[in-house]
There are 2 protein chains.
Amino acid sequence: MKRIADSTVRRLSMYLRYLEDLDTRGQQTASSDELAHLCGTTPAQVRKDLSFFGSFGKRGLGYPVHELTAHLREILGLQREWKVLIIGAGKIGAALANYRGFRQRGFTVAGVYDNDPNKVGQPWGEAIVRPMDALEADLNRDDAPIAVLAIPAEGAQAVVDRLVKAGVRAILNFAPTQITVPPHVNLKSVNMAMELEGLSFALTNPGYLDEGAA
Amino acid sequence: MKRIADSTVRRLSMYLRYLEDLDTRGQQTASSDELAHLCGTTPAQVRKDLSFFGSFGKRGLGYPVHELTAHLREILGLQREWKVLIIGAGKIGAALANYRGFRQRGFTVAGVYDNDPNKVGQPWGEAIVRPMDALEADLNRDDAPIAVLAIPAEGAQAVVDRLVKAGVRAILNFAPTQITVPPHVNLKSVNMAMELEGLSFALTNPGYLDEGAA
DNA sequence: AGTTGTGAACACTTTCACAGCT
DNA sequence: AGCTGTGAAAGTGTTCACAACT
């Protein structure tokens with residue numbers, strides 16, 4: 001099976017976003033040119049990305065909006081519900097859970113965990129914060145969810161090890177530290193500090209980077 | 001001036017993080033091999049990245065930890081203070097401002113802005129939430145800060161246009177939408193929904209991606 | 001005429017491998 | 001002997017350009 005680039009998957013996600021918009025507005029078809037403009041990429045890129053998964057367009061016409069939306073949802077695995085475990089009852093997890101698109105795309109909070117005795121037992125959205133110790137007992141290996149790691153860097157790897165042992169196969173890491181997982185586990189890291197430092201670099205060294213990139 | 005890859009800058013940021021750790025523990029030198037292991041990359045990559053900016057290492061010995069730390073801080077532009085404007089007095093901005101490393105690296109919250117009348121005037125960390133209308137009047141063109149955009153997708157581009165007009169030259173965007181800026185403005189976007197969908201894709205299509213990547 | 005789908009060209013990034021310094 | 005610095009090679013992702021189709 002041919003390997004697909006991470007950047008491609010991110011663009012698919014973006015195409016879906018804008019196709020849903022167009023679909024809602026009742027637009028029937030969209031050309032690669034239109035999609036490219038909406039998503040800030042090039043028509044050729046759009047066509048390459050989509051052609052990886054099939055021939056969804058009609059020459060001379062463009063892509064059928066509604067149909068392509070459905071295809072992308074299926075490709076991205078968004079036709080089902082994904083249970084998400086929030087590790088760390090702080091602001092980041094809350095920001096994610098609050099976000100409208102989170103539920104809309106089929107992600108539901110299956111549980112919130114924290115070590116802080118002041119937080120455990122407190123309501124958190126529609127859930128109650130559970131103690132971190134309860135992690136393993138709560139997890140059902142047959143329906144292991146996605147875990148969002150929103151705790152400080154210290155101890156993050158230890159928690160990840162526990163999650164992996166408990167059957168979690170996908171982790172979105174917000175802890176500003178390097179995490180390692182076995183090859184069968186999917187890990188994505190978002191490091192806000194790193195992004196800010198990237199801006200600091202760009203402002204400090206104009207010309208090293210071509211500016212204006214997203 | 002030779003262009004530098006975005007991925008390189010992100011790795012520099014990571015090297016700095018771990019070098020600071022080593023420095024605190026009093027370690028004198030570190031080899032590219034050691035740094036690579038800490039940061040989850042390869043020794044050759046470390047050497048290439050660093051060699052872009054100079055010859056900081058000593059053959060046979062490795063890199064002087066303290067000295068390299070200082071070099072990296074300077075390269076990344078972290079020897080000065082960066083004022084950061086938080087646009088949107090919600091959870092994301094709060095998460096960022098709460099993060100210890102934020103201040104440690106010289107980023108300080110210069111102001112928090114929101115449209116919500118219930119939030120305006122309320123304390124937010126050490127600041128008071130200001131009305132969005134006050135943006136232009138508050139901004140000093142000579143000392144334009146970095147803006148963190150933590151508002152919903154709707155209206156995000158309009159706010160960006162105002163920020164740019166007011167002299168902001170770097171924006172960290174958390175709004176889940178495509179933003180465009182003129183070429184002299186630096187934009188970085190973090191899209192949590194997109195990351196989660198990437199995990200959904202990976203879980204749904206094992207084999208398309210090589211797993212276990214960070 | 002208009003737009004897709006795609007092999008080939010190009011550009012960029014990472015890895016290799018080794019000369020050269022300490 | 002050990003480790004850096006780097007040109008060359010390999011690998012990966014993007015853009016081009018055009019044949020094929022509606």
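Here the structure is a predicted model, which is why all the values come from computation and not from measurement. Proteins come first, then strands; the chains are lettered A, B, ... in the order of their sequence lines, and each starts at number 1. Hydrogens, waters and symmetry mates are skipped; everything else that's a heavy atom, side chains included, is used.
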Tell me the interatomic distance from [X], atom [atom1], to [N], atom [atom2], rounded to whole angstroms.
| X | N | atom1 | atom2 | answer |
| --- | --- | --- | --- | --- |
| B:Lys48 | D:dA9 | NZ | P | 13 Å |
| B:Leu50 | D:dT6 | CG | C1' | 13 Å |
| A:Arg10 | D:dT14 | CZ | P | 10 Å |
| B:Phe53 | D:dG5 | CZ | C1' | 15 Å |
| A:Arg11 | D:dT12 | CZ | C1' | 12 Å |
| B:Asp49 | D:dT4 | CG | P | 13 Å |
| A:Arg3 | D:dT14 | CZ | P | 11 Å |

All salt bridge (Lys or Arg N to Asp or Glu O under 4.0 Å) counterparts of [X], not counting sequence neighbours:
| X | value |
| --- | --- |
| B:Glu136 | B:Arg162 |
| A:Asp21 | none |
| A:Glu20 | A:Arg73, A:Arg105 |

Given side chains that start at C-beta, do those of B:Val164 and B:Pro182 come closer than 4.5 Å, heavy atoms only?
yes
Between side-chain atoms of residues 91-99 of chain B and protein atoms elsewhere (two or more places apart, or another chain), which donor-acceptor pairs fall under 3.5 Å?
none

Chain A contact limits on DNA chain C, taken 5' to 3' with a cut-off of 4.0 angstrom to heavy atoms:
C:dG2 to C:dA8
Identify each donor-acceptor pair in which a side-chain atom of residues 145-159 of chain B lies under 3.5 Å from a protein atom, sequence neighbours left out, and give them as a table.
from: B:Gln157; atom 1: OE1; to: B:Thr180; atom 2: N; distance (Å): 2.9
from: B:Gln157; atom 1: NE2; to: B:Asp161; atom 2: OD1; distance (Å): 2.8
from: B:Gln157; atom 1: NE2; to: B:Thr180; atom 2: O; distance (Å): 3.0

Quick one: which residue pairs count as a salt bridge (charged side-chain N to carboxylate O under 4.0 Å, His left out) with a foot in residues 44-68 of chain B, not counting sequence neighbours?
B:Arg11-B:Asp49
Could you check whether the rings of A:Phe201 and B:Phe53 sit parallel, tilted or perpendicular, using 30° and 60° as the cut-offs?
perpendicular
Count the heavy atoms belonging to other residues, nucleotides or ligands that lie under 6.0 Å from CD of A:Gln28, then report whether that count exceeds 12.
no
Check for a donor-acceptor pair, side chain of A:Asn186 on one end and backbone N or O of A:Arg169 on the other, with a separation under 3.5 Å.
yes
Whether the side chain of A:Tyr18 engages the backbone of B:Gln178 through a donor-acceptor N/O pair (distance < 3.5 Å, no angle test) should be reported.
yes
Residues in side chain to side chain donor-acceptor pair (under 3.5 Å) with B:Arg17, at least two apart?
none
Name every donor-acceptor pair, under 3.5 Å, that has one atom in a side chain of residues 76-86 of chain B and the other anywhere in the protein, sequence neighbours excluded.
from: B:Glu81; atom 1: OE2; to: B:Thr108; atom 2: OG1; distance (Å): 3.1
from: B:Trp82; atom 1: NE1; to: A:Ser200; atom 2: OG; distance (Å): 2.9
from: B:Trp82; atom 1: NE1; to: B:Gly77; atom 2: O; distance (Å): 2.9
from: B:Lys83; atom 1: NZ; to: B:Asp143; atom 2: OD2; distance (Å): 3.2

List, with names and distances, any nitrogen or oxygen atoms from the protein found under 3.5 Å away from nitrogen or oxygen atoms belonging to nucleotides 17-19 of chain D.
from: D:dA17; atom 1: N6; to: A:Arg47; atom 2: NH2; distance (Å): 3.3

Sorted by number, residues from residues 14-22 of chain A placing a heavy atom under 4.0 Å from DNA chain C are none
Using a cut-off of strictly less than 4.0 Å between a heavy atom of the residue and any atom of DNA chain D, enumerate the qualifying residues of residues 60-72 of chain B by number.
B:Gly60, B:Leu61, B:Gly62, B:Tyr63
Does D:dG13 have its OP1 or OP2 closer than 4.0 Å to a side-chain nitrogen or oxygen of A:Ser7?
no
